[in-house]
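Contents: one structure, followed by commentary.
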Amino acid sequence: AELRAPPDKIAIIGAGIGGTSAAYYLRQKFGKDVKIDLFEREEVGGRLATMMVQGQEYEAGGSVIHPLNLHMKRFVKDLGLSAVQASGGLLGIYNGETLVFEESNWFIINVIKLVWRYGFQSLRMHMWVEDVLDKFMSFRYWRPGSHHYTPAWVTEQDSILRGKTKQNKTCHMTRIYRYQSHDYAFSSVEKLLHALGGDDFLGMLNRTLLETLQKAGFSEKFLNEMIAPVMRVNYGQSTDINAFVGAVSLSCSDSGLWAVEGGNKLVCSGLLQASKSNLISGSVMYIEEKTKTKYTGNPTKMYEVVYQIGTETRSDFYDIVLVATPLNRKMSNITFLNFDPPIEEFHQYYQHIVTTLVKGELNTSIFSSRPIDKFGLNTVLTTDNSDLFINSIGIVPSVREKEDPEPSTDGTYVWKIFSQETLTKAQILKLFLSYDYAVKKPWLAYPHYKPPEKCPSIILHDRLYYLNGIECAASAMEMSAIAAHNAALLAYHRWNGHTDMIDQDGLYEKLKTEL
Ligand SMILES: Cc1cc2nc3c(=O)[nH]c(=O)nc-3n(C[C@H](O)[C@H](O)[C@H](O)COP(=O)(O)OP(=O)(O)OC[C@H]3O[C@@H](n4cnc5c(N)ncnc54)[C@H](O)[C@@H]3O)c2cc1C
Ligand SMILES: CC(C)=CCC/C(C)=C/CC/C(C)=C/CSC[C@H](N)C(=O)O
């Protein structure tokens with residue numbers, strides 16, 4: 001198809017993983033001559049950030065990446081960064097009185113403990129998550145060259161029996177990535193999800209995880225003791241979240257989670273540099289559509305982006321604008337002038353979560369009557385009714401450590417605590433026998449999930465795109481990267497009038513025969 005001359009200037013608002021990966025993909029699509037300005041009012045990285053504890057950096061926001069998150073994997077490779085293992089250590093679940101589950105070092109003991117307490121529900125839960133992830137991120141069970149499908153339970157049993165993780169399977173052909181690598185774009189989050197998983201996926205946005213798993217026959221005990229604590233640590237809510245984000249959250253219990261050596265935010269600064277974008281350290285206040293006469297002499301509709309650097313107000317004109325930050329008053333406070341973007345809810349409520357890092361000796365007697373040297377757990381999750389003031393507590397390695405932290409000689413470790421509210425000194429003193437240092441960071445972390453979810457539009461206006469609507473399905477680094485790639489493709493196709501590359505039906509079948 002014939003291409004129109006590329007745009008002169010593109011603005012991206014927000015230099016988190018969404019904005020910086022959008023810059024990277026826009027550069028790939030529109031070429032080297034387009035000027036890309038990236039506005040950031042705080043730090044490059046956004047919700048990927050570190051905190052210092054006694055000279056070492058620790059992840060304070062987005063910390064773990066799933067092995068099937070291929071955009072993140074690709075960025076790390078292209079930018080010459082390294083991955084480190086992110087999961088490890090033994091997990092316990094505390095219900096306010098006792099540890100209802102304690103992981104053991106022995107795989108077989110864990111299987112016996114789980115089967116004893118919950119029957120085969122844990123295995124069935126893994127299968128359910130795998131099914132969702134396979135639809136989302138892979139061409140399910142299809143082995144190249146064989147035209148042969150393997151049912152989920154076979155591969156699952158197979159990997160359990162052989163001690164393999166599912167990413168060792170031979171049959172992964174990526175699905176969302178395949179659509180995107182063939183340049184297909186979607187004009188709404190719903191259409192994107194529908195293309196991946198049909199009506200099932202859309203249904204998952206409208207039902208709670210609780211309803212979904214109850215219907216699938218999971219017991220109250222399993223939901224309260226195993227599922228709710230995972231939702232609390234990951235999304236600061238319980239099983240009342242939508243079933244899609246529930247599945248994403250449960251995928252954190254897969255093996256092979258990883259992080260970027262030196263800090264996940266290095267991906268953002270790397271993408272910013274690789275995309276040769278211009279960082280403007282300012283806060284965007286208004287976006288207004290105006291008609292401007294370009295150097296060609298033609299009157300052209302453009303967006304004027306008005307921003308503030310310190311006390312100074314400046315502005316510039318752009319052909320295309322991408323908004324890569326949640327649009328609400330507390331998080332971005334951007335006003336649109338001369339047009340009404342189709343977003344009903346500008347006050348979408350984001351969950352308040354506090355990350356606290358404490359270097360100290362845990363008061364293990366809160367959780368267990370065992371002697372302190374026999375405690376052995378690295379992470380404790382809590383149930384909804386635990387009445388404890390924390391969602392979770394766990395030992396964390398610094399961003400430079402390649403393995404789990406070495407056993408400490410003095411009993412002190414760096415612990416990461418997630419809580420709904422800022423911890424008081426008295427609460428920290430209850431959790432720790434003694435501590436050397438504590439540092440905290442409050443977040444508006446991710447949407448407060450309340451199905452049925454209606455995702456905000458991606459197209460806010462003619463050439464104005466919004467990335468963070470995808471968070472209503474699930475908030476994660478990879479979700480922002482997927483939204484960024486999609487928005488870059490959408491902007492490119494709409495600029496060039498390639499309507500056949502947008503919202504195509506039947507891509508699964510079409511691309512299957514194209515291999
Ligand atoms: C505590 C916590 C733990 C998490 N853990 C994980 C995890 O383990 N794994 C995972 O995958 N995800 C995790 N997440 C979610 C993940 O971090 C986010 O989904 C992701 O980082 C969002 O990236 P983003 O670029 O879309 O938004 P953001 O990172 O929020 O970026 C938006 C940027 O826009 C800037 N901005 C806002 N308004 C303006 C304005 N008016 N002008 C200029 N700049 C503006 C902001 O300063 C910000 O830097 C976690 C999040 C939190 C908070
Ligand atoms: C997008 C898909 C399919 C998978 C991503 C799975 C993933 C890594 C989700 C992360 C969810 C999240 C918001 C976790 C927050 S807490 C993470 C961790 N437990 C910590 O201690 O920081």
Side-chain angles (χ1 to χ4, degrees), residues 11-22 38-49 58-72 86-87 91 129 132-137 176 230-236 244-245 247-254 257-259 264-265 267-268 280-287 305-309 323-328 330-335 350-355 379 381 391-396 416-418 441-447 467-471 473-484:
I12 303 171
I13 301 157
I17 187 64
T20 53
S21 47
L38 191 46
F39 292 89
E40 175 52 58
R41 69 177 181 192
E42 288 174 21
E43 300 283 316
V44 170
R47 277 173 276 168
L48 306 187
Y58 296 82
E59 294 290 357
S63 56
V64 296
I65 306 169
H66 192 277
L68 288 178
N69 291 170
L70 299 193
H71 281 306
M72 291 303 292
S87 43
L91 174 102
V129 173
V132 175
L133 245 64
D134 273 341
K135 276 194 194 128
F136 189 53
M137 300 196 142
I176 177 64
V230 178
M231 300 309 124
R232 283 165 64 83
V233 58
N234 287 335
Y235 288 101
F244 184 79
V245 68
V248 166
S249 175
L250 287 169
S251 76
C252 285
S253 49
D254 285 347
L257 297 182
W258 58 282
N264 294 327
K265 66 179 180 184
V267 174
C268 302
I280 300 181
S281 300
S283 181
V284 171
M285 299 185 298
Y286 306 103
I287 301 174
V305 173
V306 181
Y307 58 98
Q308 211 165 18
I309 300 183
V323 177
T325 171
L327 273 176
N328 61 44
K330 282 189 182 159
M331 294 172 85
S332 51
N333 201 16
I334 298 169
T335 305
Y350 268 60
Q351 187 76 39
H352 180 255
I353 291 290
V354 184
T355 309
T379 302
L381 308 186
N391 290 351
S392 64
I393 182 162
I395 298 176
V396 280
K416 186 194 273 186
I417 303 152
F418 286 126
K441 183 154 180 71
W443 295 103
L444 287 174
Y446 13 67
L467 272 62
N468 292 70
I470 203 160
E471 288 190 73
S475 175
M477 293 175 231
E478 187 71 5
M479 296 301 283
S480 290
I482 288 171

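Order of listing sets the numbers, starting from 1, for every ligand and every atom in it.
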(message) Can you report which non-hydrogen protein atom sits closest to atom 14 (C) of ligand 2, along with the distance?
(response) Asn234 OD1, 3.4 Å

(message) Can you tell me if Phe418 contacts ligand 1 (heavy atom of the residue under 4.0 Å from the ligand)?
(response) yes

(message) Return the closest protein heavy atom for atom 2 (C) of ligand 2 as residue, atom name and distance.
(response) Asn69 ND2, 3.6 Å

(message) Side chain, backbone, both or neither: which applies to Leu68 and ligand 2 if a contact is any heavy-atom pair less than 4.0 Å apart?
(response) neither

(message) With a cutoff of 4.0 Å, is Ser249 in contact with ligand 2, counting heavy atoms of the residue only?
(response) no

(message) Closer than 4.0 Å to some heavy atom of Lys416 - which atoms of ligand 2 meet that?
(response) 22 (O)

(message) For the 3.5 Å polar cut-off, considering only N or O atoms, please tell me whether Tyr446 and ligand 1 meet it.
(response) no

(message) Just so I know, are the side chains of Asn391 and Ile353 near enough to count as touching, which here means a heavy-atom distance under 4.5 Å?
(response) yes

(request) Considering only non-hydrogen protein atoms, determine which one is nearest to atom 6 (C) of ligand 2 and report residue, atom name and distance to 0.1 Å. (result) Ser251 OG, 3.4 Å

(message) Test your reading of the structure: does Val284 have an N or O sitting under 3.5 Å from an N or O of ligand 1?
(response) yes

(message) For atom 21 (O) of ligand 2, what's the nearest protein heavy-atom neighbour? Residue, atom name and distance, please.
(response) Phe418 CE1, 3.6 Å

(message) Contact between Tyr235 and Gln351 at the side-chain level, heavy atoms closer than 4.5 Å - yes or no?
(response) no

(request) Give yes or no for whether the N/O distance cutoff of 3.5 Å, strictly under, is met between Thr355 and ligand 1. (result) no

(message) Among all the protein's non-hydrogen atoms, which is closest to atom 3 (C) of ligand 2, and how far away is it?
(response) Met137 CE, 3.7 Å

(message) Heavy atoms only: which of Gly61, Ser480, Gly62 lies closest to atom 22 (C) of ligand 1?
(response) Ser480

(request) Please report which non-hydrogen protein atom sits nearest to atom 25 (O) of ligand 1, along with the residue it belongs to and the distance in Å to one decimal place. (result) Gly18 N, 2.8 Å

(request) Find out whether Ile309 and Ile280 are in side-chain contact, i.e. whether some heavy atom of one side chain is under 4.5 Å from a heavy atom of the other. (result) yes

(message) Checking a contact table here: which protein heavy atom is nearest atom 34 (O) of ligand 1, and how many Å away?
(response) Gly14 CA, 3.1 Å

(request) May I ask you to identify the nearest protein heavy atom to atom 19 (O) of ligand 1, giving residue, atom name and distance to one decimal place in Å? (result) Ser475 OG, 2.8 Å

(request) Please write down residue, atom name and distance for the protein heavy atom closest to atom 8 (C) of ligand 2. (result) Val64 O, 3.3 Å

(request) Could you tell me whether Glu471 and ligand 1 have an N or O pair separated by under 3.5 Å? (result) no

(request) Pick, from Gln308, Glu59, Met477, Lys265, the option with the minimum heavy-atom distance to atom 12 (N) of ligand 1. (result) Met477

(message) Considering non-hydrogen atoms of the protein only, which is the closest contact for atom 18 (C) of ligand 2, and what is the distance?
(response) Ser63 OG, 3.6 Å

(message) For atom 29 (O) of ligand 1, which of the options Met72, Met479, Arg47, Lys416 provides the nearest non-hydrogen atom?
(response) Arg47

(message) Given Glu40, Lys330, Glu42, identify the one with the heavy atom nearest to atom 48 (C) of ligand 1.
(response) Glu40

(request) Compute the shortest N/O to N/O distance between Val64 and ligand 1 and return yes if it is under 3.5 Å, no if not. (result) yes

(message) Using a 4.0 Å cutoff against the non-hydrogen atoms of Ala445, which atoms of ligand 1 qualify?
(response) 53 (C)

(message) Quick one, Leu48 and Cys268 - any side-chain contact, counting heavy atoms below 4.5 Å?
(response) yes

(request) Compare all side-chain heavy atoms of His352 with those of Pro442 and state whether any distance is below 4.5 angstrom. (result) yes

(message) Just to confirm my output: which protein heavy-atom neighbour is closest to atom 11 (C) of ligand 2, and how far is it?
(response) Tyr235 OH, 3.3 Å

(request) For Cys252 and ligand 2, answer yes if some heavy atom of the residue is under 4.0 Å from a ligand atom, otherwise no. (result) yes

(message) Between ligand 1 and Ala60, is the shortest N or O to N or O distance under 3.5 Å?
(response) no

